[in-house]
Amino acid sequence: MDSSKYCPGYYPAPGFHNKWVTKTQIEKPPIWCSVDMRDGNQSLVIPMSLEEKLEYYKVLLQVGFKEIEVGFPAASETEYEFLRTLIDNNMIPNDVTVQVLTQCREHIIRKTFDACKGAPSAIIHFYNSVSVAQREQVFRKSKEEIKQIAIDGAKLVKKLAAEYEGNFRFEYSPESFTGTEPEYALEVCNAVLDILEPSKDNNVIINLPVTVEMSLPHVYASQVEYMHENLKYREHVTISLHPHNDRGTGVADTELALLAGADRVEGTLFGNGERTGNVDIITLAMNMYSHGVNPGLDFSDMPALVEKYEKCTRMHVYERAPYAGSLVFAAFSGSHQDAIAKGLKYREENELHQWNVPYIPIDPHDINRTYDADVIRVNSQSGKGGIGYLLEQSYGYFLPKAMREHLSYLCKNISDHEHRELKVAEVFDIFKNHYFIRSDGITATDMHFFRKGNRVETEIVFVHNGIETKIAASGNGSLDAVSNALKAFTGKEYLLEKYSEHSMQGQGSGSVAAAYIGIKSESGEMSWGAGTDTDIIHASVNALLSAFNNMK
């Protein structure tokens, strides 16, 4: 690898343009424009069919996009037919504007207007490349010649807009803006604006594309601020961003450029696009949402959106993709799980509205994700806090701390040996199979209790290996009496160290009680058992017998 062949290929803005540095928050959402149907579609291995594009278009409308770039109608028959289908079948809502892309070439511009004829609202997005590399290597033209291409394109779109049926706006992109001298990009854009004559009733979009990401994000922000401060007709000009993600900082580019004065963002869902992709609008919008700013887009059912995207594009949403990936809320680490479980419990106990749960930046419920399936995940790294939380939330069992720890080791050992994650139902099965009374151990079929003074006497029938044995014993309570009877029956000693109980469901006599017992053997080892019953005494006896059966 020879890094000497590379040098910074970008052109910083002249002077100091860093007012954006003092801003700490994007206070309102930009105008969003989806380019999934064009930039996203053209980057697919198999571009979407007409039917798939129609299905995906409906998804974009449901999300709430009011501006959608639907294609490059002069580029292919499918693109042309798709736009005509939308117009001829009245599929463009009154508050939605479709956008089409065209090069600054006369026959392409004319075919584009043919495709847009009768559109209720359309943006004609025309462009030509102005970068140093494109001027020198591709077009081999001077700055004046390149600028003239943009001027001629502006004149033609303005002329045709007056001739064709439809409601048209204009957008101009100096393609490869980041590889262009900012002073020259400004000169070209202002020349185009002089032709289009922006006004209160004729808002024009100047789009500043990061066609290829070349610089650190703050450099792009300064370039945008320079344009923001020096464009003509600024009051009637919308500055738009179109970042790609070649350096992996497309989101940062966009956020800083919005602070620098931009008004609009073109991007795609999940960042689909050429090379490393376009900027991901989902990440941008959800970042704003996480700061208390309503982005104006609806991502309240992220799993359904992922499913539809993968179906139509044949692409896969990366498991760690921000907000949308299947693992982005997942906590496998025991310490993380414990903190999350405690944070969620604290939030519930204090009836908090403000979200501030450790390790989880937004409430997964907001985007139709769940705590049990998406947040607390169980593998060999998991701990007692998370596993205990899963049993609480999914099944209503509140295990004592030491018992949760014991269960966590059982689960981790299975996950470690089988090299896989355990589902919530599997954790519950491990819990039931290990801590509930088993038919191959000692069980009880009948028990009676009598109080005599401060003591409780019991007659209980134990069953072991199919043989029933009635034992009488006494204790300072019902459970102590059964424990003494069990010791007499088996001849084994132990200490009843831990006991807890709670109601699982319902109120009054019909509710189910859960009991948990920990006993310590003569060798000092703890064993645990659990039991449930509508009668708390029976639940406690079952927990004791299960703990005893687990004692070694």
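Only heavy atoms go into these numbers, but all of them, side chains included; no hydrogens, no water, no symmetry mates.
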Next on the checklist: Tell me whether Asp95 at atom CG has more than 12 heavy atoms from other residues, nucleotides or ligands lying less than 6.0 Å away.
Outcome noted: yes
Checklist entry - Shortest non-hydrogen contact from Cys189 to Pro174? => result SG-CG, 3.8 Å
Next on the checklist: Which residue is it: Phe299, Tyr323, Tyr309? I am looking for the one with a ring pair (Phe, Tyr, Trp, His ring centres under 6.0 Å) to Phe270.
Outcome noted: Tyr309
Next on the checklist: Here's a test for you: under side-chain contact (heavy atoms from CB on, under 4.5 Å), which of Val138, Val132, Val130 qualifies with Gln134?
Outcome noted: Val138
Checklist entry - With a 3.5 Å cut-off and no angle check, do the side chains of His236 and Asp201 form a donor-acceptor pair? => result no
Next on the checklist: Would Thr249 and Glu213 count as a side chain to side chain donor-acceptor pair (under 3.5 Å) here? Give the steps.
Outcome noted: CA-CA 8 Å; Thr249 57; Glu213 205 174 27; 2.6 Å; yes
Next on the checklist: Checking side-chain polar atoms at under 3.5 Å, does Ser240 have a donor or acceptor matched by the opposite partner on Asn207?
Outcome noted: yes
Next on the checklist: Looking only at the side chains, is there a donor atom on one of Asn245 and Thr276 sitting less than 3.5 Å from an acceptor on the other?
Outcome noted: no
Checklist entry - Does a donor on one side chain sit under 3.5 Å from an acceptor on the other, for Glu266 and His242? => result yes
Checklist entry - In this structure, are over 12 heavy atoms from other groups packed under 6.0 Å from Lys23 atom NZ? => result yes
Checklist entry - Crowded around Glu163 CD? As in, over 12 foreign heavy atoms under 6.0 Å? => result yes
Checklist entry - Any side-chain donor-acceptor pair under 3.5 Å between Ser222 and Asn18? => result no
Next on the checklist: Is the terminal nitrogen or CZ of Lys308 (NZ for Lys, CZ for Arg) located under 6.0 angstrom from the six-membered ring centre of Tyr56 and within 45° of that ring's axis?
Outcome noted: no
Checklist entry - Can Lys143 be said to sit on top of Tyr184's aromatic six-ring, NZ or CZ under 6.0 Å from centre and within 45° of the ring axis? => result yes
Next on the checklist: Exactly one of Glu274, Arg275, Met214 should register a side-chain contact (heavy atoms from CB on, under 4.5 Å) with Asp246. Which one does?
Outcome noted: Arg275
Checklist entry - Taking the six-membered ring for Trp, are Phe126 and Tyr172 ring centroids under 6.0 Å apart? => result yes
Item to check | Main-chain N/O of Pro295 paired with Trp32 side-chain donor or acceptor, under 3.5 Å | outcome: yes
Checklist entry - Are any side-chain N or O atoms of Glu165 and backbone N or O atoms of Lys117, one a donor and one an acceptor, separated by less than 3.5 Å? => result no
Item to check | Phe113 ring center within less than 6.0 Å of Phe168 ring center | outcome: yes
Checklist entry - What do you reckon, is CD of Glu145 surrounded by more than 12 foreign heavy atoms closer than 6.0 Å? => result yes
Next on the checklist: Tell me if a side-chain donor or acceptor on Trp355 pairs with a main-chain N or O of Ile360 at a distance below 3.5 Å.
Outcome noted: yes
Checklist entry - Hey, are Ser173 and His125 close enough side-chain-wise for a donor-acceptor pair under 3.5 Å? => result yes
Checklist entry - With distance as the sole test, does Asn190 use its side chain to make a donor-acceptor pair with the main-chain N or O of Lys232 at under 3.5 Å? => result yes
Checklist entry - How far apart are the C-alpha atoms of Tyr389 and Asp338, what are their side-chain angles, what is the distance that settles it, and do they pass the side chain to side chain donor-acceptor pair (under 3.5 Å) test? => result CA-CA 8 Å; Tyr389 180 81; Asp338 185 59; over 6 Å; no
Checklist entry - Have Thr283 and Asp280 got a donor and an acceptor in their side chains that come within less than 3.5 Å? => result yes
